[in-house]
Amino acid sequence: MSRKSDKNMVENKTPKKKSTLVRWFRSNVLRKHDLPYDSASAETIETPLQIVAQNFFKKKTAIFGIVVFTLILLFVLVGPQFFRLNLGEQDSTLTNIPPGSSMMKLPKELRNNVRDIAPGRTYGVGIDNDGHLYTWGHTRISDVIDLENIPDEVQAADLEYIAAGDDHIVAIDTSGKLYVWGNTRRGQNVYTSDIMGAQKSGKNWDIVQLEAANQCSAALDKDGYLYLWGNTSNMDLKVRKAYQGQIAKISFTANEYISLLKDGNVAYTGFKGKGSPFSVIPEPLLQGKTVDIASTSKTMAGLTEDGEIHIWGKVDRNEGAIPVFESKVVKLYGGRFHYSALLEDGSVVSWGGNDFGQALVPSAAKSGNVESLYVGYFQNYAIKENGDDITWGLKGFPLGTDDLGRDMLTRIINGGRVTMLVGAIAVVISTIIGVTLGGIAGYFGGKVDLLIMRVSEVVGGLPFIPFAMILSAVIGSRINPQQRMYLIMVVLGVLSWVGTCRLVRAQFFAQREMEYVTAAKAMGFREVGIIFRHIMPNVFSLLLVSMTLDFATSMLTESTLSYLGFGIPLPTPTWGNLLNGANNSIVIQQYWWRWVFPAIIFGLCVICINLIGDALRDAMDPKATER
Amino acid sequence: MGKYILKRLIYVVVVFFIVSFLMYALYNLIPTDPARAQLEPLKMSLKPHEYEQMYSDLRREMGLDDSLVIRYMRWMGLYPASGELLIQRTDDMGNPIQGARYEVLITETGIGGKKTERVLRVLTTNAEGEAVMQMRFGTYKVKEISIPEPHTLDPEPKLLKTDSIFNGMLQGYFGKSQYFKRDVVSVIKEPIKNTMFINIFATIAALGITIPLGIYCAVKKGGKFDSVVQATTILGYSIPIYIISLIFMYFFVVKWRIFPLMGTKTPGAMYATSTEELLDKLYHIALPVIVMTFASLGGMTRYVRSSMIEALSTDYIRTARAKGLREKVVIYSHAWRNALLPVITSILAWFLGIFGGSVIIENTFSLNGMGKLYWHGLNSLDFELVLAIQMFYTVVSLLGSLLIDLSYGLVDPRVRVDK
Amino acid sequence: MALLEVKDLKTFFRTKHGTVKAVNGVSYAVETGKTLGVVGESGSGKTVSAMSILQLLDANGYIENGSITFNGRELTDLPLKEMYKIRGNDISVIFQEPMTSLNPVFTVERQISEPFMIHQGLSKKQAAARVIDMLKDVRIPNPEVVTKQYPHQLSGGMRQRVMIAMALACKPRILIADEPSTALDVTIQAQILKLMNDLQEEKGTSILFITHDLGVICQMADDVAVMYCGQVVEMAPARTIFGHSKYLHPYTEGLLVSVPRLDTPVTQRLEAIPGSVPHPLRLPEGCKFAPRCKYAQPRCLVEEPELVSISENQSIRCFYPDMEARKDGKFE
């Protein structure tokens with residue numbers, strides 16, 4: 001049988017079977033027979049694979065899809081190296097922050113003109129040398145409160161000190177008048193009678209230190225009198241009488257404060273006393289040689305006149321990893337999780353929690369000449385002798401944060417990795433099951449085929465989402481999150497093999513009836529050999545298409561399940577559960593970044609995969625596109 | 001055709017039982033103990049041995065100790081759930097004896113496999129000489145303990161069997177929701193209406209749009225309009241439905257304030273007329289239906305388009321044209337009838353997709369539907385409720401497939417008519 | 001004047017890779033009551049030229065040039081509305097594939113009654129009665145049963161009879177038969193051809209018979225047009241071609257010798273035309289057949305011959321139409 005007639009027969013047969021492969025076969029292999037250009041070019045026959053590739057890259061959408069998908073894939077695969085996911089991460093001071101990078105962007109007017117700076121949790125406030133106030137960064141701390149709305153009287157006043165708390169700002173002017181704005185619902189602006197009295201009389205009201213923290217504030221008089229006010233329910237806001245008039249400096253942690261006394265000792269001057277882990281003050285700090293104190297949210301630090309630093313409290317963010325200093329430490333500052341120290345030679349050293357680079361001192365600040373340093377929360381502002389400012393720490397979140405203060409970018413990157421991984425493995429599982437069952441059905445036919453087809457009909461006929469939910473709920477209730485992720489892969493795989501199975505089976509049947517298989521059989525080749533030599537390569541190209549499209553579907557399903565709370569459980573991020581809880585009008589409108597970014601990248605990713613899949617299918621079946 | 005329908009019917013019934021059994025078995029894997037849950041409130045007020053007693057009674061009452069198959073059949077209504085134990089006592093003359101007292105005994109297997117007999121209940125015959133008690137279906141040992149004079153006591157215990165009362169799915173009893181403490185039927189009555197309503201609404205709307213659109217695109221294939229539709233439909237089937245919901249919510253609810261955000265009715269609303277109530281409901285489900293319709297457009301439009309293109313390129317379309325048929329007749333009669341075949345097959349998957357999608361939509365929009373209830377039931381491990389809803393989904397899909405098969409048969413003579 | 005006259009017809013197709021000149025200047029005519037056989041390999045443009053008559057081209061095909069007159073009426077620029085009245089009524093078509101040319105979801109009755117209903121305005125009932133008549137005409141046994149059946153219940157031969165019945169329903173003046181017998185078994189093929197001959201005698205229909213099979217042409221046609229690469233290379237009465245003519249196009253000659261005949265000596269080998277039809281987008285310069293022609297001269301490869309009248313009713317597109325001369329190597 002000549003090659004030509006062989007193909008002719010195939011061609012005559014094909015109109016009856018409209019399977020993709022046959023059309024592909026017909027148009028890619030037979031075209032060369034139908035329309036050979038001439039005898040010379042007929043020799044340079046392109047392989048089907050080359051033709052597929054050619055057709056594929058002819059489509060603009062395919063190129064777009066493959067480029068964008070590759071970018072997303074890289075982003076998601078390489079990204080986690082740089083944006084490490086910390087599952088336990090959450091910070092109440094960083095919730096629902098919109099995208100931006102202006103948290104440490106000093107206003108022009110303040111440059112070279114700084115009297116005081118107070119770094120707030122996501123913003124900054126500063127006073128210039130004329131006592132004018134400036135704010136920058138994300139000042140909108142809740143739906144209704146924007147710290148940018150400075151009261152008129154504050155704007156008019158000649159301010160001397162300023163301090164920023166979690167949700168309020170306190171300032172004092174040169175005449176000793178206090179101002180508080182921001183969230184005042186928790187008594188942030190309710191002064192105690194001591195303050196009122198002192199303010200009125202002017203006695204013991206020469207304020208040298210102003211501090212603000214978690215809904216409370218502190219003002220320290222030159223003569224050692226400490227005034228505390230604000231929300232007393234979560235703060236130890238009392239001063240033991242014995243210490244009044246002795247205090248030289250105070251420092252706030254999240255729920256307590258400590259004082260440095262004028263005699264060079266550190267003391268827990270609040271009422272909680274023994275109940276607090278901070279009351280156990282390291283011995284060296286009780287020898288009258290302490291010159292400075294600072295605190296983070298859970299630790300405290302004291303500096304002795306020898307330049308030694310002692311940390312105590314709940315040290316869990318590397319606060320205790322005090323570096324070796326090249327010169328003597330003169331002043332100590334504390335952020336939320338990190339410490340910064342100003343050295344004798346005018347350089348700065350930071351250590352401790354470095355989630356946002358707040359302990360990563362830029363070389364300009366390392367090299368010295370720093371005159372003053374303002375540290376708070378996650379930010380550091382260093383002012384050099386020449387008035388230049390150097391900042392390091394949290395600039396902002398490029399894609400904002402969620403309701404638990406987690407960086408959306410990090411979660412999107414890591415979530416993408418989980419979603420893609422789950423999707424990919426689910427596809428692999430479903431393909432393995434589909435190919436095996438489809439192959440068995442196609443190879444054996446008859447009753448086996450009937451049985452497998454019935455089973456596939458049942459599985460394919462079940463409403464997918466409810467069924468996946470029930471499987472996840474039933475089995476998932478007894479296993480840990482890691483196992484649950486595997487479970488979701490298996491569930492998706494087990495429920496979505498039907499398409500692949502039918503495809504493989506149909507190919508088996510279609511190919512078995514092809515003349516070339518009959519011919520091969522007639523020539524004495526064993527059927528198994530024929531299948532693996534001839535049928536499998538053809539099936540493989542189709543599988544590639546179906547796997548691509550299934551990959552998109554699996555990702556969609558995983559994300560849908562996770563969105564409903566039956567997929568990968570929080571806090572592990574996926575592109576689905578990132579959107580979990582986004583369906584209320586506040587999130588939709590006010591915190592749009594919490595759903596827009598995950599939606600965009602996920603949508604884009606699935607679109608690209610579908611574009612690739614479609615283009616691939618069209619490339620294997622050019623007839624379909626021409627039609 | 002009759003044979004074909006019968007075959008499909010039998011198939012559907014068999015699949016229903018297989019799937020329902022699998023679901024039941026699967027759900028039995030959940031480590032819950034309804035008996036313990038029911039007794040929990042009483043636990044503090046009972047002595048430990050009383051509690052144990054009540055617990056084992058309740059377990060028996062609920063039939064929790066039976067084998068899986070028996071429980072399944074009982075749940076399905078194929079095995080008697082309960083029955084009346086009837087004791088009749090007459091004297092030798094056949095006259096009824098009133099006031100005879102009987103012990104109903106059960107055998108319990110205690111710790112260490114020791115079997116003990118325990119009195120479950122004491123019954124007294126009435127004037128007709130009968131004592132009746134509703135019990136779990138089974139055989140009980142009954143022993144006469146006293147009998148009024150002058151009759152003589154029959155000390156020999158007898159084995160009596162209850163009659164059978166079926167009370168399962170097939171009888172319309174879907175069990176009791178542990179969470180709502182009500183019959184499942186009453187719990188799902190309202191949601192089922194809502195779900196059917198929005199799904200059928202969305203299906204009709206989607207078909208009404210996709211079919212003409214797909215045909216138009218097929219006829220004008222390669223044109224500008226077609227390309228735009230092709231591009232949009234890729235968006236449609238690539239973006240998950242909940243993201244589409246969020247986008248639509250953003251514009252229609254938050255930005256333009258056209259539709260309410262959630263729920264099936266205005267909270268606290270009192271309706272003067274039922275029309276008003278219906279209108280309010282329509283107003284509330286409008287956005288979910290729009291989202292569902294939009295989300296299901298993509299796949300179906302593409303499918304209609306490609307099968308229409310396939311049909312239009314066939315030889316018989318050329319024949320039809322050569323006959324002198326108008327183009328409209330060629331497209332809508334000759335081509336569409338054929339393009340319908342692959343479309344019908346895909347409609348089932350698509351319809352199921354819509355139903356699955358409604359689970360998401362109902363949760364996103366907080367609609368009081370089956371999907372929402374299902375989600376709720378799964379979260380609160382409400383065994384019987386979830387099973388009932390799962391059965392609802394199964395029945396919907398099976399009926400859907402049956403319907404598809406039948407319409408396939410109607411459209412395609414090759415299926416309907418034997419050679 | 002001929003009933004149907006095709007003059008200098010050029011039908012082109014726009015494709016991604018360029019314009020395919022499927023029919024490039026074809027002229028032929030069908031006389032009343034006669035059969036014109038158009039013969040050629042696949043891709044020679046024979047079907048396209050016929051489909052151009054009824055404007056049944058694919059969406060990317062168009063008539064570039066030329067005229068088609070039917071009964072004195074120009075068809076190429078006829079609006080679709082008018083064309084509807086001609087299709088299936090004055091001119092009808094039988095297609096090659098009876099398996100796929102009938103709509104699988106409609107009954108035979110519905111498919112045959114359509115022409116009656118649209119062209120003659122008959123009611124469904126009247127049309128149904130006529131369908132039975134038509135089925136009888138095409139010698140279908142049990143027409144009452146067949147009329148209610150679906151195509152998949154019929155054999156290939158039966159389906160082709162149904163196609164013929166459908167085509168002849170409105171007593172068309174011209175029947176275009178596009179390889180009506182190619183897909184059928186040989187015995188069925190003979191039956192169908194006989195049927196067509198009989199019906200032509202009964203009804204006086206003119207037939208435009210398209211085939212690649214010279215044997216069939218010999219049996220059916222009065223006149224023959226041989227096509228190659230979108231051109232008519234030879235136009236002659238069947239008798240001239242199948243008789244021992246002095247002049248013959250080398251392609252026709254090749255076709256003839258590749259068919260076994262009763263008078264072919266047993267010792268003579270059947271000759272095949274070497275090579276294959278060129279790609280429509282890369283047609284050779286000069287004579288289109290030259291690359292495959294065993295008599296090709298240098299001139300043939302650069303210069304394209306015209307269709308020249310050799311005798312009163314024979315025209316040939318060749319520089320060397322004289323068979324004897326070129327066989328003896330006399331080229332002048």
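In what follows, chains are A, B, ... by sequence order, proteins preceding strands, each numbered from 1.
- Here B:E362 contributes atom CD and A:L564 contributes atom CG; the two are 11.0 Å apart, rounded to the nearest 0.5 Å.
- Under a cut-off of 6.0 angstrom, the local environment of OH in A:Y486 is sparse, with at most 12 non-hydrogen atoms contributed by other residues, nucleotides or ligands.
- Within the 4.5 angstrom heavy-atom criterion, no atom of B:I389 approaches chain A.
- Taken to the nearest 0.5 Å, the CD1 atom of B:I241 stands 10.0 Å off from the OH atom of A:Y563.
- Pairing each heavy atom of A:G576 with each of B:Y242, the nearest pair is CA-OH, 3.5 Å.
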Practice problem: Test B:V14 against A:R454 for side chain to side chain contact (heavy atoms under 4.5 Å, CB included), laying out the working first. | Solution: CA-CA 11 Å; B:V14 169; A:R454 284 289 167 269; over 6 Å; no
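- Interface remark: B:V253 contributes no atoms to any contact with chain A (heavy atom separation under 4.5 Å).
- For a residue to count as touching a neighbouring chain, one of its non-hydrogen atoms must lie under 4.5 Å from one of that chain's; by this rule B:T364 touches chain A with backbone and side chain alike.
- For B:Y237, the parts lying near chain A are the backbone and the side chain together; criterion is any non-hydrogen pair under 4.5 Å.
- Within 6.0 Å of OH in B:Y179 there are 12 or fewer heavy atoms belonging to other residues, nucleotides or ligands.
- Applying side-chain contact (heavy atoms from CB on, under 4.5 Å) to A:T560 and the options B:I243, B:V359, B:I360 leaves one that passes, B:I360.
- Checked by atom type and distance alone, the side chain of B:Y393 never pairs as donor or acceptor with a backbone atom of A:P466 at under 3.5 Å.
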Self-check item: Full working for side chain to side chain contact (heavy atoms under 4.5 Å, CB included) between A:F566 and B:N379
Solution: CA-CA 9 Å; A:F566 288 91; B:N379 274 328; 3.6 Å; yes
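- Within the model, atoms CZ of B:R302 and CG of A:D614 stand 4.5 Å from one another, a figure rounded to the nearest 0.5 Å.
- One finds the CD1 atom of A:I607 at 8.0 Å from the CD1 atom of B:I234 (value rounded to the nearest 0.5 Å).
- In this structure, A:F467 and B:T394 have side chains that are not in contact, with every pair of non-hydrogen atoms separated by 4.5 Å or more.
- Residue A:N610 comes nearest to B:S238 through the heavy atom pair ND2-OG, 2.7 Å, listed as atom of the first residue, atom of the second, then distance.
- Highest contact tally toward chain A, considering only B:G400, B:A231, B:S397, is held by B:S397 [criterion: heavy-atom pairs under 4.5 Å].
- For the atom pair A:W592 CH2 and B:L246 CG, the distance stands at 14.5 Å (nearest 0.5 Å).
- Scanning all heavy atoms of the two residues, the minimum distance from B:P240 to A:F602 falls at CG-CE2, 3.6 Å.
- Using a 4.5 Å cut-off between heavy atoms, A:A552 makes no contact with chain B at all.
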